[in-house]
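Only heavy atoms go into these numbers, but all of them, side chains included; no hydrogens, no water, no symmetry mates. Since the structure is predicted, the reported quantities are computational estimates derived from the model, not experimental observations. Every chain is numbered from 1, with letters handed out A, B, ... down the list of sequences.
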There are 2 protein chains.
Amino acid sequence: MKDVAARAGVGLKTVSRVVNGEPGVTADTESRVRAAIEALGFRRNDSARILRKGRTASIGLVLEDLADPFYSPLSRAVEEVARANGSLLFAGSSAEVPEREEELALALCARRVDGLVIVPASDDHRYLEPEIAAGIATVFVDRPASRIEADAVLTDNAGGARTAVAHLIAHGHRRIGFIGDRPHIHTADERVRGYREAMAAHGLAVREEWVSMGGTAPERVRAELERMASGPEAITALFSGNNRVTVTAVRVLSEHDRPIALVGFDDFELADLLRPGVTVIAQDPARLGRTAAELLFRRLDGDTAPPQRVELPGRLIPRGSGELPALQH
Amino acid sequence: MKDVAARAGVGLKTVSRVVNGEPGVTADTESRVRAAIEALGFRRNDSARILRKGRTASIGLVLEDLADPFYSPLSRAVEEVARANGSLLFAGSSAEVPEREEELALALCARRVDGLVIVPASDDHRYLEPEIAAGIATVFVDRPASRIEADAVLTDNAGGARTAVAHLIAHGHRRIGFIGDRPHIHTADERVRGYREAMAAHGLAVREEWVSMGGTAPERVRAELERMASGPEAITALFSGNNRVTVTAVRVLSEHDRPIALVGFDDFELADLLRPGVTVIAQDPARLGRTAAELLFRRLDGDTAPPQRVELPGRLIPRGSGELPALQH
DNA sequence: CTGAAAGCGCTTACAG
DNA sequence: CTGAAAGCGCTTACAG
């Protein structure tokens, strides 16, 4: 910029005015400056700009896995809102490892992002307190923060689970299994809670062999489902805890001889084209992301209301697999 | 940092040494500095650091759509390589709009990212020449750069298309349709070229009614496929140009009375569970992303070899839909 | 082992 | 309409 000023024979401030489109420059001066910029190939360095101005015009997104079909529309929605607010987006995957979430979030804070949208992997977010105190707005999405008060945008997981299980019960099922993600993951806990509540509300006992929490690795899900689906007390229906589990369950059930009803949490592409179509409780990941990001930018615009929790509903989409009757076998 | 130095009764440089873990500080001094950091809640500002050091330890990724199931594993792979190299990732979607690609890429350059991985939407990348000259490493992925020489990591699209079409011909098909993305998208052009080459190599004429290029909107794909599949010269097989087209084609064909064979470019989740399973030419998006990002970091490490083009193979996965015989109807 | 000075490339606040 | 000075928060190069 100094070189541009020298070449154009003007002061630094005048170059700054031209670069930023500020008023108070004659057309003649402006064209001299522009010519110098062109000749020198000048490109403004935003790092320097950021150092002087307060905001960096960037936000950070930390989630489990950028490639997951549930989280990728959420990411895209956050990105769109960021763009609409003139911000760039840093994105990073925690891979469900708490230390990685913390490392990523703190690295982003050191870059002085204006705000953070986090799908937590950690169960203790006190590490963020100094950052939040220093003014970095933070909104949690899909799962709430732990051990701090913070904004959160969630799906009504327990409610959705109750709907799913009540639907299976209404179709005659009594022995209903649940396979979900690892306990301590908020969504997994909420969904198993909804499952238990719905069973209890209908006077049905839950046998602990029918409940399996522990990660979404296909081998694990396959083994657990095959175990639940065999023996004299075999389940006649499964409520699967998320899209990763559902996909494996569909695969296992397609090889199975006796029909087992299935309702999955989370919708997924082509669910309607399978035979039977897969009945799901659909979340709206793009809406989760959009809502969280919009809340973040309201905070950045000065909204200082107490931390709020927004809860979006899940929606039952019957497609066949959840309407299979409970045959006595 | 000034405050920390004052409180600890040391110089600025000593604080800097402690914060960066540099040697040459006595244990006693260090603990005084750490106490001051703790008491003041000091957090280093990386913007200032970046301004002094050359590198920003960040790279940018510009692609069509973060939420697309083809691009999201690619993003994740780029992110992993960035992390392994100590870099943070900016991610942005161009939505296939050239101006948006340019705007994003230039915004990233103004932030002085060390490098850029781009899935191009634009057909003229000369706008990047000053940036590349200024030292921003750039690698194109999935599609090559236009009008500049640059590194590119691609799938062998024409070869994959030839394999797909030859496969259909081997199963007795002569009237084979192609529905692809908009012309001028490199991958779409390459795939239609492979289609034409394979047809010609087998002495088959291509009727222009069987070829449709123009975006992946479901309504468009549906209308084109229904047109091709009707009348006396109806196609008996379809080669679909990407995963978005394939998904709609599967949906349309599932409502269709006469069986039409299908081979799709790009694999997708649950393709094996549909009836029939969907035969595809599988790309490896994670490997594309990883290869591109690794090449980028080699460039950042000083590799100054001429721009190179890496081409990864596509792989035919027969699952049933591509092996349907050509019935005479 | 430690620190004072200069400077990275901008913007802010002010004066003319 | 225009510009000189100070400063954002660090690191570099140097001296002690």
Side-chain angles (χ1 to χ4, degrees), chain A residues 1-37 40-58 86 106-107 109-114 130-131 134-136, chain B residues 1-37 40-58 86 106-107 109-114 130-131 134-136:
Chain A
M1 193 151 134
K2 210 168 51 186
D3 298 340
V4 172
R7 186 183 179 107
V10 299
L12 267 182
K13 178 61 204 171
T14 301
V15 179
S16 176
R17 284 195 183 91
V18 171
V19 169
N20 295 307
E22 287 168 27
V25 184
T26 51
D28 179 50
T29 311
E30 173 166 349
S31 68
R32 280 215 319 285
V33 172
R34 291 213 180 279
I37 287 174
L40 266 36
F42 168 79
R43 302 136 59 244
R44 182 175 69 191
N45 183 332
D46 276 1
S47 296
R49 167 166 238 250
I50 283 166
L51 186 59
R52 280 301 325 229
K53 308 195 77 113
R55 291 202 177 176
T56 59
S58 60
L106 290 178
C109 289
R111 298 296 178 100
R112 295 293 190 275
V113 291
D114 300 324
E131 310 299 334
I136 296 187
Chain B
M1 194 151 133
K2 209 166 52 185
D3 298 340
V4 172
R7 187 185 178 106
V10 300
L12 265 183
K13 178 61 203 172
T14 300
V15 178
S16 176
R17 284 196 184 91
V18 171
V19 169
N20 294 307
E22 287 168 26
V25 184
T26 52
D28 179 52
T29 311
E30 173 165 349
S31 68
R32 280 215 319 285
V33 172
R34 292 212 180 282
I37 287 174
L40 266 37
F42 169 78
R43 301 137 59 242
R44 182 176 68 192
N45 183 332
D46 276 1
S47 297
R49 167 167 239 251
I50 283 166
L51 187 57
R52 279 302 322 228
K53 307 195 78 110
R55 291 204 177 172
T56 59
S58 61
L106 290 178
C109 289
R111 298 296 177 101
R112 294 294 191 271
V113 292
D114 299 324
E131 311 298 335
I136 296 188

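- When heavy atoms are screened at a 4.0 angstrom cut-off, Asp46(A) is found touching no nucleic acid atom at all.
- When heavy atoms are screened at a 4.0 angstrom cut-off, Val19(A) is found touching no nucleic acid atom at all.
- Of the charged side-chain nitrogens involved, at least one lies within less than 4.0 Å of a carboxylate oxygen, so that Lys13(A) and Glu22(A) count as a salt-bridged pair.
- For the pair Ser47(B) and dC8(D), the criterion of a side-chain N or O lying under 4.0 Å from OP1 or OP2 is not met.
- Taking side-chain N and O atoms only, Thr14(B) has a distance below 4.0 Å to OP1 or OP2 of dG3(C).
- Between the Asp114(B) side chain and the Arg55(B) main chain, no donor and acceptor come within less than 3.5 Å of each other.
- A close approach under 4.0 Å does not occur between any side-chain nitrogen or oxygen of Asn45(A) and OP1 or OP2 of dC8(C).
- Asn45(B) and Arg111(A) form no side-chain donor-acceptor contact under 3.5 Å, judged by distance and modelled atom types alone.
- Rounded to a whole Å, the CG atom of Leu12(B) is 17 Å from the C1' atom of dA15(D).
- We find that CD of Glu30(B) is positioned 10 Å from P of dT2(C), with the value rounded to whole Å.
- Base-pair partner of dA4(C): not found among the strands shown (Watson-Crick or G-U wobble, both distances under 3.5 Å).
- For Thr26(A), taking side-chain heavy atoms from C-beta onward, the closest of the listed nucleotides dC1(C), dG9(D), dC1(D) is dC1(D).
- Counting to the nearest Å, the P atom of dC8(C) and the CG atom of Asp3(A) are 10 Å from each other.
- Atom C1' of nucleotide dC8(C) and atom CZ of Arg52(A) are separated by 14 Å, given to the nearest angstrom.
- Using a 4.0 Å cut-off, some side-chain N or O of Thr29(A) falls inside it from OP1 or OP2 of dT2(D).
- The residues Asp28(A) and Arg32(A) are annotated as salt-bridged, a charged nitrogen and a carboxylate oxygen being separated by less than 4.0 angstrom.
- Counting non-hydrogen atoms under 4.0 angstrom, Arg43(B) reaches the backbone sugars and phosphates but no base.
- Base engagement by Arg17(A) is indicated by at least one non-hydrogen atom pair under 4.0 Å involving a base atom.
- When the C1' atom of dT11(C) is taken as reference, atom NZ of Lys2(A) falls 16 Å away, rounded to whole Å.
- Straight-line distance from the CZ atom of Phe42(A) to the C1' atom of dC8(C): 13 Å, rounded to whole Å.
- Summarising the geometry, the separation between CD on Glu22(B) and P on dT11(D) is reported as 8 Å, rounded to the nearest angstrom.
- OP1 or OP2 of dT11(C) sits under 4.0 Å from a side-chain N or O of Arg49(A).
- The Val25(A) side chain lies nearest to dT2(D) when the options are dG9(D), dC10(C), dT2(D).
- The nucleotide whose nearest atom lies closest to any side-chain atom of Lys13(B) is, among dC10(D), dA13(D), dC8(D), dA13(D).
- Taking atom NZ of Lys53(B) as the reference point, atom P of dT11(D) lies 7 Å away to the nearest angstrom.
- Note: Thr56(B) OG1 to Ile136(B) CD1 = 8.0 Å, rounded to the nearest 0.5 Å.
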